[in-house]
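Just so it is clear, the model here is predicted, and its values are computed rather than measured. Counting from 1, the numbers follow the sequence of the chain as shown.
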Amino acid sequence: RDGVVILESRHSVDDTVRMIKASVAEKGIKLFDDIDQAALGNAAGNKVLPSRLILFGNPALGTTFITANPVAGLDWPVRVLVYQTKDGAVRVAYTDFAWIAHRHGITNRKKEFKMATEVITAVTGVVKE
């Protein structure tokens, strides 16, 4: 799936977003935005199932990727998509950090990518509870 990690949530989209945002805040990570893609799409006349894009990150960690390769800014801040499928399932998707490292040819930030992977795993792990 080109580096996309998809998890299943046991909760509604709104509850999943609340849990992820609480996890981000609890860890002292900066929340940049919560974009309600369904509201935007529905207002534009498209029928969009619940879909929210959460942007967050730790500037001290995330910008180390940009210092290695400025184009890595395409993948920072971190984006987590919480969405509902046609069958009513709720999913959480994000880009795998090993894939991001490979995509941008960053080989000198292994410790930082490992840390980012641990953080995203912890942040999104709350949806399984």
(message) Checking one residue: Leu74. Which other hydrophobic residues are in its cluster under the side-chain 4.5 Å linking rule?
(response) Val71
(request) Check whether Tyr94 and Met115 end up in the same hydrophobic cluster, where Ile, Leu, Val, Met, Phe, Trp and Tyr are linked by side-chain heavy atoms less than 4.5 Å apart. (result) yes
(request) Kindly compute the distance separating CD1 (Ile20) from OG (Ser9), expressed to the nearest 0.5 Å. (result) 7.5 Å
(message) Does any part of the side chain of His11, heavy atoms only, come nearer than 4.5 Å to the side chain of Val90, both counted from C-beta?
(response) no
(request) State the CG-CG distance between Leu31 and Asp33, to the nearest 0.5 angstrom. (result) 7.5 Å
(message) Are Ile35 and Val4 connected into the same hydrophobic cluster when the rule is that any two of I, L, V, M, F, W, Y join if their side-chain heavy atoms are below 4.5 Å apart?
(response) yes
(message) Going by salt bridge (Lys or Arg N to Asp or Glu O under 4.0 Å), name the residues that satisfy it together with Arg109, two or more places apart in sequence or in a different chain.
(response) none
(request) For Ala38 and Pro50, work out which heavy atoms get closest and say how close. (result) CB-CA, 3.8 Å
(message) Please report the interatomic distance CE(Met19) to OG1(Thr124), rounded to the nearest 0.5 Å.
(response) 11.0 Å
(request) Taking all non-hydrogen atoms of both residues into account, name the closest pair between Asp15 and Ser12 and its distance. (result) N-OG, 3.0 Å
(request) Would you mind reporting whether Val80 and Val123 have side-chain heavy atoms less than 4.5 Å apart? (result) no
(message) On a heavy-atom basis, which atom in Ala122 and which in Ser23 lie closest, and how many Å separate them?
(response) O-OG, 3.9 Å
(request) Could I get the full list of side chain to side chain contact (heavy atoms under 4.5 Å, CB included) partners for Thr85, not counting sequence neighbours? (result) Tyr83, Asp87, Ala89, Arg91
(request) Calculate, to the nearest 0.5 Å, the distance between atoms OG1 and CG belonging to Thr117 and Asp96 respectively. (result) 6.0 Å
(request) Scan Val82, Leu81, Asp34 and name whichever one has a side-chain contact (heavy atoms from CB on, under 4.5 Å) with Leu53. (result) Leu81
(request) Please list all pairs passing the ring pair (Phe, Tyr, Trp, His ring centres under 6.0 Å) test where one or both residues lie in residues 41-78, with sequence neighbours left out. (result) Phe32-Trp76, Phe65-Phe113
(request) Would you mind telling me which of Asn58, Ile120, Val24, Ile29 makes a side-chain contact (heavy atoms from CB on, under 4.5 Å) with Val78? (result) Ile120
(request) Using modelled atom types only, decide if a donor and an acceptor are shared between the side chain of Asp75 and the backbone of Ile100 within a distance under 3.5 Å. (result) no
(request) Determine the minimum heavy-atom distance between Ile106 and Ala72, stating which atoms define it. (result) CD1-CB, 4.0 Å
(message) Run the salt bridge (Lys or Arg N to Asp or Glu O under 4.0 Å) test against Asp14 and tell me which residues pass, sequence neighbours left out.
(response) Arg52
(request) Return the minimal non-hydrogen interatomic distance between Pro77 and Leu55, and the atom names on each side. (result) CG-CD2, 4.1 Å
(request) Tell me, please, which residues at least two apart from Arg79 pass salt bridge (Lys or Arg N to Asp or Glu O under 4.0 Å). (result) none
(request) Verify the neighbour count for atom NZ of Lys27: are there more than 12 heavy atoms of other residues, nucleotides or ligands below 6.0 Å? (result) yes
(message) Could you report the tightest heavy-atom contact between Ala93 and Ile6, atom names first, then the distance?
(response) CB-CG1, 4.0 Å
